[in-house]
Amino acid sequence: MTQWSGYFGLILQGALVTIELTLMGSVLALIMAFLAGLGRLSRFFAIRALATAYIEFFRGTSIFVQLFWAYFVLPFIGISLTPLQAGVLALGLNVGAYAAEVVRGAIQSIGREQYEACIAVNLGRWQAMRHVILPQALLVMLPTFGNNAIELLKATAVVSLISLTDLTFQAQVVRSQTGNTMVPFTTILIIYFALALIISWGVRSLERRMARGLDGVRV
Amino acid sequence: MEWDWNFVWEIMPTLIQGVKITILATLLGSVLAAIVGLAIALARRSPNKALSRTVGFLAEFIRGTPLLVQLYFIFYVLPDIGILLPPLVAGVIGLGLHYGTYTAEVYRAGIDNVPRGQWEAAKACNLNARQTWTNIIMPQAIPPMIPALANYFIAMFKETPLLSAITVLELMNQAKSVANTYYRYVEPMTLVGAFFLVISLFSVVLLRWLERRYGKIER
């Protein structure tokens, strides 16, 4: 009988790498989402064009291609990235582009009267955004951000192909060492699903917390 | 590293072979996803609680786990229990099942959007269940679904590079093999990216047209 406990340790190490990637990718994605999402609503044409180009480019080419590009092509133009850096960069930029559209949509979904009220109380553009629009828009964004985070978690599986030792990579290692395919792959499927459940549960409780005190404000 | 046009023309025929497989996989996967999605949506509406709960959980599970791992599962685990699939078939099944769980949500929203009055009118006219579905509900539910379905088929198209991991000779795999043969990554990887970008930009135009032609469903 094979030594399953040792192999399970390998899989757990992989799970840690997957979690690390998901967290770091999400942070980068969040930053890019707000930069590009607000950029698309900018008054200046140049910023709008730049944000649109970023979003269309990263949504238009697949995550897989972007990852390979970051890992295999960038070294030729003098930028060498470790697999982890390439993974975080590709995942963050890719999911950030999707989330940027969420940011834009949520901000545009805030009613006109809110903007008019901001003008009436003489708030500047930045003050209005910071104190009135964003606190309401964040609540609209949150559920979709949760979905995006799950998409990011699922996309991390791809980094195993650039030799990063995540869950999927470790499952392949276990498969090649034990010759058993069923056990490692079923295990990691369950772990991925559990992680996805944790994300959606976390987002839901965060949403409840943020919605507190806002009863009756939103339609 | 210089961009070499001669090299580009040299590898073009190989890449075009890959493009054909990519498109074939997308088309077959879309057909399968459309069928699987409908089956899931109908099963979840079933009055049989055991059936609707089981299918609902399975769909959640497939949606919460990475496509890459599912492809490995189909390609490496199923042979253990005697089902040996060619890579392309395994890939199409993986794409179809994964995106079927997404299209199921589109069907669900589309069917829910048909007003109650239509169901009641069908009952009042003494139509049986099959007649109600084929003559009343589906003709009204399907047109608004078309843009959302197309959206997922485009997303699926962008995931086809994953099939290279289970040795399907699609575009990404051809690009990787020429890149490894000549040790030149810049041209093949960039061309793959450009190909996906061009198709996606066209598909954005197509989507806008579909939305104008068929309208959008509220989700």
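Within every chain, numbering begins at 1; the chains are lettered A, B, ... in the order of the sequence lines, protein sequences first and strands thereafter.
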Residues 60-83 of chain B vs salt bridge (charged side-chain N to carboxylate O under 4.0 Å, His left out), sequence neighbours excluded, gives B/Glu60-B/Arg63, B/Arg63-B/Glu105

Hey, could you give me each pair passing salt bridge (charged side-chain N to carboxylate O under 4.0 Å, His left out) that has a residue in residues 146-157 of chain A? Not counting sequence neighbours. A/Glu151-A/Lys154

Proximal component of [X], with respect to chain A [non-hydrogen, under 4.5 Å]:
X        : value
B/Ser203 : neither
B/Val198 : neither
B/Leu197 : both

Distance check, rounded to the nearest 0.5 Å: [X] atom [atom1] versus [Y] atom [atom2]?
X        : Y        : atom1 : atom2 : result
A/Asn180 : B/Tyr76  : CG    : OH    : 14.5 Å
A/Ile150 : B/Thr65  : CD1   : OG1   : 11.0 Å
B/Phe73  : A/Thr181 : CZ    : OG1   : 8.0 Å
A/Tyr71  : B/Met189 : OH    : CE    : 12.0 Å

Atom of [X], atom of [Y] and distance for their closest heavy-atom approach:
X        : Y        : answer
B/Phe196 : A/Ser62  : CB-N, 4.4 Å
A/Ala157 : B/Leu68  : O-CD2, 3.2 Å
B/Lys158 : A/Gly60  : CD-O, 3.4 Å
B/Tyr185 : A/Val73  : O-CG2, 3.7 Å
B/Tyr72  : A/Thr168 : CE1-CG2, 3.5 Å

Determine whether B/Val204 and A/Glu56 make a side-chain contact, defined as any pair of heavy atoms from C-beta on separated by less than 4.5 Å. yes

Please tell me if the side chains of B/Pro161 and A/Phe68 come closer than 4.5 Å, counting only heavy atoms from C-beta onward. no

Who among B/Lys176, B/Glu159, B/Gln70 has the most heavy-atom pairs with chain A under 4.5 Å? B/Lys176

Report the option among B/Pro66, B/Gly64, B/Ala194 that has the most heavy-atom pairs separated by less than 4.5 Å from atoms of chain A. B/Pro66

By the definition side chain to side chain contact (heavy atoms under 4.5 Å, CB included), identify the one residue from B/Val192, B/Val186, B/Thr190 that meets it with A/Trp69. B/Thr190

Between A/Phe193 and B/Phe57, is the ring centre distance below 6.0 Å? yes

